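What follows is a short report on a single structure.
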There are 2 protein chains.
Amino acid sequence: MPKLLCHSDSSPCPLAHALDLIGDRWTLLIVRDLMFRNLHEYKDLLNSFEGISTNILADRLRRLVQAGLVKSVAHPESKTRKLYYLTPSGKSLIHVMIEIVKWSDEHVGTAKIPPDVAGQLEGNRDEFVRKVLEKLERWEAEHLA
Amino acid sequence: MPKLLCHSDSSPCPLAHALDLIGDRWTLLIVRDLMFRNLHEYKDLLNSFEGISTNILADRLRRLVQAGLVKSVAHPESKTRKLYYLTPSGKSLIHVMIEIVKWSDEHVGTAKIPPDVAGQLEGNRDEFVRKVLEKLERWEAEHLA
DNA sequence: GCAAACGCTTGCGTAACGCAAGCGTTGTTC
DNA sequence: GAACAACGCTTGCGTTACGCAAGCGTTTGC
């Protein structure tokens, strides 16, 4: 596993420590797919929008598992496949994701939130969070039985 | 200026576009210093906790300025020095920063929010945001006159 | 007028990444 | 039951980004 730069030794700042985990171009995209796009298998993550390369995906999944944000179980129908899913720590990144997306929508502006999601985010955002988390729990109830 | 990986071509996702700007280990730390730590000069940013190297700092500042998150003005007392400060777009990253710090405090746990700040963040977070933004505006009133 | 400060830039070695091929196991087809 | 494909990775190689340290042009302080 490549080592990646680590601020944690020198910095007393929680932001810096968080960036050691999620401060790169790929990690949060994987979390997004696990959180919002209902993707749970390696091949699906690999074929997501941005075209992550396979070694990087393997590396980031390993880091996420090691950091306790993601877990995996054997696929119930196949011995070669795995199912990846977010732990509570991983799920709690939802608030970070939402803020980044809102900020991007307002200030980067080159990609917009789909109108239906935008509608859910305005007004009652807790409701949106609840819906997403419920969906994840339903998936878990179905697959981790 | 090194080119850095860019998702924006392939992805319809606002998160991916945001990560093109802030998805690295240094950018948000610079924003933090400009936002919370009252640092406004190159040398101060350079000497911040994490020890960014000078070429990376120059590069990131250039990107941030180009993206419209940061501006600079000549130092009123010196022709060699500059003052860097956040634009409204940059300031609005405060919500992202707060969520990351809260998440880090709860789930990474290797660096804690200072107790006084933690107190401010609990309960009335809007109040905290307002205080921070007011402080930045006071700085601007004083230096951009 | 000389040395230090300041905001960078440059050069070099190392680490991370993109790409593509390969590998071991399992599942499928005939 | 043998050949082939699917799957989750790993490996190797060339390229890009980064850490480090030195240097540079201008300005400032003495």
Side-chain angles (χ1 to χ4, degrees), chain A residues 1-11 16 19-30 33-34 39-66 70-85, chain B residues 1-11 16 19-30 33-34 39-66 70-85:
Chain A
M1 181 152 64
K3 197 165 62 117
L4 286 194
L5 172 64
C6 187
H7 295 306
S8 302
D9 308 324
S10 61
S11 179
L19 291 176
D20 284 342
L21 269 173
I22 61 169
D24 75 277
R25 285 199 161 56
W26 292 110
T27 302
L28 286 183
L29 296 178
I30 297 172
D33 286 346
L34 295 173
L39 305 182
H40 294 275
E41 296 192 40
Y42 190 91
K43 66 174 190 308
D44 298 327
L45 297 170
L46 198 60
N47 294 325
S48 193
F49 301 133
E50 293 83 7
I52 191 171
S53 51
T54 174
N55 53 344
I56 301 299
L57 177 57
D59 178 73
R60 294 303 186 272
L61 283 173
R62 216 180 298 132
R63 281 176 207 282
L64 285 168
V65 168
Q66 195 175 319
V70 167
K71 278 189 181 175
S72 65
V73 287
H75 195 291
E77 301 169 4
S78 163
K79 287 185 182 171
T80 55
R81 292 153 76 190
K82 281 185 189 175
L83 295 174
Y84 292 94
Y85 63 98
Chain B
M1 180 152 64
K3 195 164 66 115
L4 285 197
L5 172 63
C6 185
H7 296 305
S8 302
D9 308 322
S10 62
S11 180
L19 292 175
D20 284 343
L21 269 173
I22 60 170
D24 75 277
R25 286 201 158 56
W26 292 110
T27 302
L28 286 184
L29 295 178
I30 297 171
D33 286 346
L34 295 173
L39 305 183
H40 294 276
E41 296 192 41
Y42 191 90
K43 65 173 192 306
D44 298 327
L45 298 170
L46 198 60
N47 295 324
S48 192
F49 301 134
E50 293 84 6
I52 191 171
S53 50
T54 174
N55 54 344
I56 301 299
L57 177 57
D59 177 72
R60 293 304 186 271
L61 283 173
R62 218 179 298 132
R63 282 175 207 282
L64 285 168
V65 169
Q66 195 175 321
V70 167
K71 277 190 181 175
S72 65
V73 287
H75 194 292
E77 300 168 5
S78 163
K79 287 184 182 172
T80 55
R81 292 154 76 190
K82 281 186 189 175
L83 295 174
Y84 291 95
Y85 62 99

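What you see is a predicted model; the values in this text were computed from it and never measured. Chain identifiers are assigned alphabetically (A, B, ...) following the order of the sequence lines, protein sequences preceding nucleic acid strands; residue numbering begins at 1 within each chain.
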Q: For side-chain contact (heavy atoms from CB on, under 4.5 Å), just list the numbers for B/Asp24 and A/Asp24, CA-CA rounded to whole Å, side-chain angles, deciding distance to a tenth of an Å, and then say yes or no.
A: CA-CA 5 Å; B/Asp24 75 277; A/Asp24 75 277; over 6 Å; no

Q | Heavy-atom donor-acceptor pair, A/Arg25 side chain to B/Gly23 backbone, under 3.5 Å | A | yes

Q. Closer than 4.0 Å, any side-chain N/O of A/Arg60 to the OP1 or OP2 of C/dC17?
A. yes

Q: Determine the contact category for B/Leu57: base if any of its heavy atoms lies under 4.0 Å from a base atom, sugar-phosphate if only primed atoms, P, OP1 or OP2 are that close, otherwise nothing.
A: nothing

Q. Is A/Leu46 touching bases, backbone alone, or none of the nucleic acid, heavy atoms closer than 4.0 Å?
A. nothing

Q | d(CD1, A/Ile30; P, C/dC17) in whole Å | A | 11 Å

Q.
Starting the side chain at C-beta, find the nucleotide from C/dT26, D/dG19, C/dG18 nearest to B/Trp26.
A. D/dG19

Q) What nucleotide, of D/dC20, C/dT26, C/dG18, holds the atom closest to the side chain of B/Ser53? A) D/dC20

**Q.** Contact state string [nucleotides 3-8 of chain D, B base, S sugar-phosphate only, - no protein heavy atom under 4.0 Å]
**A.** ----SS

Q | Rounded distance (Å) that lies between atom P of C/dT10 and atom CG of B/Asn55 | A | 11 Å

Q: Verify side-chain contact (heavy atoms from CB on, under 4.5 Å) between B/Tyr84 and B/Ile30, making sure each step is shown before the conclusion.
A: CA-CA 10 Å; B/Tyr84 291 95; B/Ile30 297 171; over 6 Å; no

Q: Rounded off to whole Å, could you give me the CG-to-C1' distance for the A/Leu29 and C/dC17 pair?
A: 15 Å

**Q.** Distance, rounded to the nearest Å, where B/Asn47 contributes CG and C/dC6 contributes P
**A.** 10 Å

Q. Atom NZ of A/Lys79 to atom P of C/dT28: distance rounded to whole Å?
A. 12 Å

(Q) With a cut-off of less than 4.0 Å, is there a side-chain N or O of A/Arg62 near OP1 or OP2 of D/dT10? (A) yes

Q: Using modelled atom types only, decide if a donor and an acceptor are shared between the side chain of B/Ser53 and the backbone of B/Asn55 within a distance under 3.5 Å.
A: no

Q) Using a cut-off of 4.0 Å on non-hydrogen atoms, how would the nucleic acid contact of B/Asp59 be classed: base, sugar-phosphate, or nothing? A) nothing

Q: In whole angstrom, give the distance that lies between atom CD1 of B/Ile56 and atom P of C/dG11.
A: 16 Å

(Q) Please check this pair: side chain of B/Asp44 against backbone of B/His40, looking for a donor-acceptor N/O pair closer than 3.5 Å. (A) no

Q | A/Met1 CE to C/dA15 C1', straight-line distance once rounded to whole Å | A | 15 Å

**Q.** Gap between atoms CD1 and P, on A/Ile52 and C/dC19 respectively (whole Å)
**A.** 11 Å

Q.
Give me the atom names and distance for the closest heavy-atom approach of B/Lys43 to B/Glu41.
A. NZ-OE1, 3.0 Å

**Q.** Residue A/Leu4, side-chain atoms from C-beta onward, closest of C/dC19, D/dA17, C/dA16
**A.** C/dA16

Q) Is it true that a side-chain atom of A/Ser48 and a backbone atom of A/Leu45 form a donor plus acceptor pair closer than 3.5 Å? A) no

Q: Establish, with yes or no, whether the OP1 or OP2 oxygen of C/dG18 is under 4.0 angstrom from a side-chain nitrogen or oxygen of A/Arg25.
A: no

